[in-house]
Novice: 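Just dropping this structure here.
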Amino acid sequence: MVGKTSVARPRAVRLAGLGVGGVTLLMLLAGCSVEGVGSAFGHFGWPGKGISLQAHKMYDLWIASVIAALIVGVFVWGLIFWCIIRYRKRGDELPVQTRFNMPMETLYTVTPILIVAVLFYYTAIVQTDVDKLSKNPDQVVEVVAFKWNWQFNYRNGIGPDAKTVASTLGSSDVIPLLVLPTNETIRFEETSKDVIHSFWVPELLFKRDVFPGSVRNTFEVTLDKTGRYVGRCAELCGTYHAFMQFELVVVTPEQFQQYLTAKEGGASTEDAMAAIGFTGDERYAVTTKPFNTRRQGQSWNQSNATAAGK
Ligand SMILES: [Cu+2]
């Protein structure tokens, strides 16, 4: 009896040490190239590392969290399968019982607390950073959502009292373009004319609800990759919710100034796009197209349709 206990204790301690050491080593290795691991595994469900400085931070947090979860998962699965095989029933004799083993109890109490504390720490840091508002953003865009489209107002200052200097309004036939520059802080101020919508550009790795009334949700991004990215409403807001799309066009700061000057001078969005080098169909959205709303000519309850079963 004495022999059994003295064998079990050191083994438990060795196992604990091995577990902690292994997890730490793997976390360190994984931390070396979060992005490398992410792209090797299809970004673990995200559309990539994002197009803003804020997105990159969220991406790193997400990939690192998944890696940490997988390490814990593999460790636990390993222990389970090891127990199943090593201690499968061979006879009526019980395996070594290690209840009230203090090192083990301490290990599986302290380790989860440590993991949660580390995840909490980095989440709080990234979240605070993503939500941070600067005193003087370079650009302010008022996002106006309504059933079922978007209006983007370029503003001359912060808050509801600022003036709109240029505007883009979407319609059933034309997807609204939101043209913005790289390397500048851009503040979005959101407001809705009717129900709750949600402003979402998947490549920003971020969405924020758009409320009607006095609530004016804000957030900021600094874009760092030119290109064209689809945007959507991410809050079920009624019949044509799925048709509520827009396109984010990220251009250089010089192009943006030209675009804004053209818009301020009264040019249409397509003419302003042409002024900064987009020609032909590129003057319109390229990542999505208007859906047929069937509001004219057809209706969902067509009069000449044959009822089911007739
Ligand atoms: Cu909506």
Side-chain angles (χ1 to χ4, degrees), residues 45-48 50-52 54-55 58 62 127 130-131 133 137 139-155 158-160 162 164-180 186-221 223 227-250 263 268-270 272-273 283-301:
W46 275 17
I51 54 167
S52 69
Q54 289 81 355
M58 289 185 278
W62 167 240
Q127 184 176 291
V130 167
D131 263 337
L133 296 177
Q139 306 296 337
V140 180
V141 177
E142 184 184 51
V143 174
V144 184
F146 59 93
K147 291 196 282 188
W148 284 276
N149 223 306
W150 302 90
Q151 181 171 12
F152 303 115
N153 297 326
Y154 297 90
R155 310 277 280 176
I158 295 167
T164 296
V165 294
S167 181
T168 299
L169 176 66
S171 73
S172 301
D173 304 317
V174 182
I175 300 280
L177 300 182
L178 173 56
V179 180
L180 288 171
I186 298 151
R187 177 177 299 191
F188 294 98
E189 299 183 350
E190 302 177 328
T191 180
S192 167
K193 292 195 168 172
D194 35 52
V195 298
I196 300 175
H197 301 271
S198 183
F199 177 88
W200 181 37
V201 178
E203 295 281 352
L204 287 178
L205 310 182
F206 185 86
K207 59 168 94 104
R208 179 148 285 168
D209 277 7
V210 186
F211 289 114
S214 57
V215 179
R216 205 171 167 87
N217 271 350
T218 52
F219 68 98
E220 287 185 11
V221 298
L223 302 162
R228 307 182 71 153
Y229 311 95
V230 72
R232 307 181 194 282
C233 175
E235 181 73 48
L236 181 56
C237 56
T239 312
Y240 297 105
H241 155 69
F243 300 0
M244 224 177 130
Q245 306 191 73
F246 61 95
E247 183 175 281
L248 172 65
V249 184
V250 185
K263 287 283 286 179
S268 64
T269 298
E270 49 268 34
M273 285 289 281
R283 293 173 299 152
Y284 302 93
V286 296
T287 57
T288 184
K289 58 182 189 328
F291 291 111
N292 181 5
T293 57
R294 301 191 189 181
R295 278 185 240 194
Q296 295 97 27
Q298 298 179 58
S299 82
W300 294 106
N301 301 306

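Every number for a ligand or one of its atoms is a count from 1 in the order of the listing.
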Novice: Taking atom CD of Glu270 as the centre, does the number of heavy atoms from other residues, nucleotides or ligands within less than 6.0 Å exceed 12?
Specialist: yes
Novice: Under a 4.0 Å N-O cut-off, is there an ion pair linking Arg216 with Glu142?
Specialist: yes
Novice: Taking all non-hydrogen atoms of both residues, which atom of Ala166 and which atom of Thr164 are closest, and how far apart?
Specialist: O-CG2, 3.4 Å
Novice: Any heavy-atom pair between the side chains of Thr191 and Pro160 that's under 4.5 Å?
Specialist: no
Novice: State which residue, out of Thr218, Asp131, Asn217, fulfils the side-chain hydrogen bond (donor to acceptor under 3.5 Å, both in side chains) condition with Arg208.
Specialist: Asp131
Novice: Tell me every residue that passes ring pair (Phe, Tyr, Trp, His ring centres under 6.0 Å) with Trp200, counting only those two or more places apart in sequence or in another chain.
Specialist: none
Novice: Restricting to under 2.8 Å, identify the protein N, O or S atoms around the Cu ion (ligand 1) as residue plus atom.
Specialist: His197 ND1, Cys233 SG, Cys237 SG, Met244 SD
